[in-house]
**Q** 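What follows is a single structure, and I will ask about it in a moment.
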Amino acid sequence: MTPELREQAGALALAVEHGLTEKREAIDWACELVAREASPSPELLELAGAVRPNPPDVARMLRAIAARPDPDLVFRKFLARVRDAVRARADIWRVVTHVLEELAIQGQVPAPLAGRCFGFDDERSLADEGVYGTVDAVEADVRAFLETESEPSELTSLLAWAKRFVDDAQPGWVECELTDAEGKVHLFREKVPVVTSENLDASSTYPRPVTLACQIRGQRTSSGHAVVEVDTSQPWGIESTEGRTSFVVAPQLLVTAERRLAVPENP
């Protein structure tokens, strides 16, 4: 398992332990990795196969997967999860101030950030009581901290097309096509569960819409049109048949958790 995935496991453990991520998300993460890896570790298999575990058990299993990741990188990945949670649920920032203080007390916050994490909960309490400052100002400070100090990358997926079934070796493999912003077609051969929740096999009707997990690296304008630079090596190590992982695509191909695209007609 790569250091990146171990750091993800460590960040998930913190988020599950403190009630900021559902345990189901952690189990789904493990299941995707099991489908992806040729020889998944016993620790990964334990989490993927867990039946109704409680959050502390899930956190424990995630830490076993993480082993000894870089704690600073784990914390910044954790902050990215917190940032996304606050973006989705405006009211959760109050809980976050308490969680950050707890982590600082436990020594799980990098030294340069510990002071700020210690202070947010006290600042919120003083503002709530009308003693000092305003609630709006504290909330703005917390949000700014999360945006500034969290891992900046954004995970998303790309719309692609499974053109044919190529191998029935478990769990089944399909050949997929991605068209970049210049109209070039890139081929990928991937395990079925990595690109779709459908149970595709040789008898399925093709082409079928699928998604390729990726990380946004940047956005810019090319020939007067907006384009997005993405990296498919994160989070699941997807690469084209030519070994490429970096692509420039039209923004219409992005499929995020907040915005699921209507599937267009197959080109």
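Just so you know, these numbers use all the heavy atoms, side chains as well, and skip hydrogens, waters and symmetry mates. Keep in mind that this is a model prediction, so the values were computed, not measured.
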**Q** Taking the side chain as every heavy atom from C-beta outward, state whether V230 and L253 have any atom pair closer than 4.5 Å.
**A** no

**Q** Quick one: CG on D121 to CG on L126, what's the gap to the nearest 0.5 Å?
**A**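 Nearest 0.5 Å value for the CG-CG distance: 10.0 Å.
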
**Q** Suppose the criterion is salt bridge (charged side-chain N to carboxylate O under 4.0 Å, His left out): which pairs have a residue in residues 197-209, not counting sequence neighbours?
**A** E198-R208

**Q** Quick one: salt bridge (charged side-chain N to carboxylate O under 4.0 Å, His left out) pairs with a partner in residues 95-111, sequence neighbours left out?
**A** none

**Q** Quick one: list whatever passes side chain to side chain donor-acceptor pair (under 3.5 Å) with E7, sequence neighbours left out.
**A**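 Applying side chain to side chain donor-acceptor pair (under 3.5 Å) to E7 gives K77.
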
**Q** Is the shortest heavy-atom distance from the side chain of V135 to the side chain of V138 under 4.5 Å?
**A** no

**Q** In Å and rounded to the nearest 0.5 Å, what is the OG1 to CD distance from T196 to E190?
**A**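 So the gap between those two atoms works out to 12.5 Å.
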
**Q** CG/L47 to CZ/R60 distance, rounded to the nearest 0.5 angstrom?
**A** 9.5 Å

**Q** Keeping to residues at least two apart or across chains, list the side-chain hydrogen bond (donor to acceptor under 3.5 Å, both in side chains) pairs with something in residues 168-177.
**A**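 Only R164-E175, E175-R189 qualify under side-chain hydrogen bond (donor to acceptor under 3.5 Å, both in side chains).
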
**Q** Do the side chains of V195 and L212 get nearer than 4.5 Å, heavy atoms only?
**A** yes

**Q** Roughly how far, to the nearest 0.5 Å, is CG of L45 from SG of C31?
**A** 10.0 Å

**Q** Residues in salt bridge (charged side-chain N to carboxylate O under 4.0 Å, His left out) with E25, at least two apart?
**A**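 Scan of E25 (salt bridge (charged side-chain N to carboxylate O under 4.0 Å, His left out), adjacent residues dropped) gives R81.
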
**Q** For the residue pair V249 and L158, establish whether any side-chain heavy-atom pair is separated by less than 4.5 Å.
**A**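 Contact flag for V249/L158 side chains = yes.
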
**Q** Closest heavy-atom contact between A50 and I27?
**A**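 Where A50 meets I27 most closely, the heavy atoms are O-CD1, 4.5 Å.
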
**Q** For T232 and I238, indicate whether the former's side chain and the latter's backbone hold a donor-acceptor pair under 3.5 Å.
**A** yes

**Q** Search all heavy atoms of R76 against all heavy atoms of E149 and return the closest pair with its distance.
**A**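 Reported closest heavy-atom pair: NH1-O, 2.7 Å.
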
**Q** Could you tell me which residues satisfy side chain to side chain donor-acceptor pair (under 3.5 Å) with R143, sequence neighbours excluded, listed by chain and number?
**A**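 Testing R143 for side chain to side chain donor-acceptor pair (under 3.5 Å), a comparison that skips the adjacent residues, returns E139.
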
**Q** Nearest 0.5 Å, please: how far is CG in L254 from OG1 in T211?
**A** 12.0 Å

**Q** Tell me every residue that passes side chain to side chain donor-acceptor pair (under 3.5 Å) with R24, counting only those two or more places apart in sequence or in another chain.
**A**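 Partners of R24 by the side chain to side chain donor-acceptor pair (under 3.5 Å) criterion, ordered by chain and then number, come out as D28.
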
**Q** With sequence neighbours excluded, what pairs up with H186 under the ring pair (Phe, Tyr, Trp, His ring centres under 6.0 Å) test?
**A** F247

**Q** Can you name the closest pair of heavy atoms from V58 and P53 and give their distance?
**A** CG2-CG, 3.6 Å

**Q** In the structure I gave you, are the side-chain heavy atoms of T21 and W29 within less than 4.5 Å of one another anywhere?
**A** no

**Q** Measuring from I65:CD1 to L5:CG, what's the distance to the nearest 0.5 Å?
**A** 10.0 Å

**Q** Would you list the pairs meeting salt bridge (charged side-chain N to carboxylate O under 4.0 Å, His left out) in which at least one residue belongs to residues 222-236, sequence neighbours left out?
**A** R217-D231, R220-E229

**Q** Which heavy-atom pair separates P110 from F75 by the least distance, and what is that distance?
**A** CD-CD2, 3.4 Å

**Q** Quick one: which residue pairs count as a ring pair (Phe, Tyr, Trp, His ring centres under 6.0 Å) with a foot in residues 111-150, not counting sequence neighbours?
**A** F120-F145

**Q** Within the structure provided, determine whether V109 and L103 are in side-chain contact (heavy-atom separation under 4.5 Å).
**A**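 V109 reaches L103 side chain to side chain.
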
**Q** Within a reach of under 6.0 Å around CG of N199, are more than 12 heavy atoms found that belong to other residues, nucleotides or ligands?
**A** no

**Q** What pair of heavy atoms forms the shortest contact from R83 to S150, and how long is it?
**A** NH1-OG, 3.0 Å

**Q** Below 4.5 Å, heavy atoms only, C-beta onward: do W161 and C176 meet side chain to side chain?
**A**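 W161 does not reach C176 side chain to side chain.
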
**Q** Residues two or more places apart in sequence or in another chain: which of them pass side chain to side chain donor-acceptor pair (under 3.5 Å) with D128?
**A** R94, R124

**Q** Write out all pairs satisfying side-chain hydrogen bond (donor to acceptor under 3.5 Å, both in side chains) with one or both partners inside residues 62-74, taking only residues at least two apart or from two chains.
**A** E17-R63

**Q** Could you tell me whether the side chain of L79 reaches within less than 4.5 Å of the side chain of L100, counting heavy atoms only?
**A** yes

**Q** Please find the pair of heavy atoms, one from A213 and one from S157, that lie closest to each other, and give the distance.
**A**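 The answer is CA-OG, 3.8 Å.
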
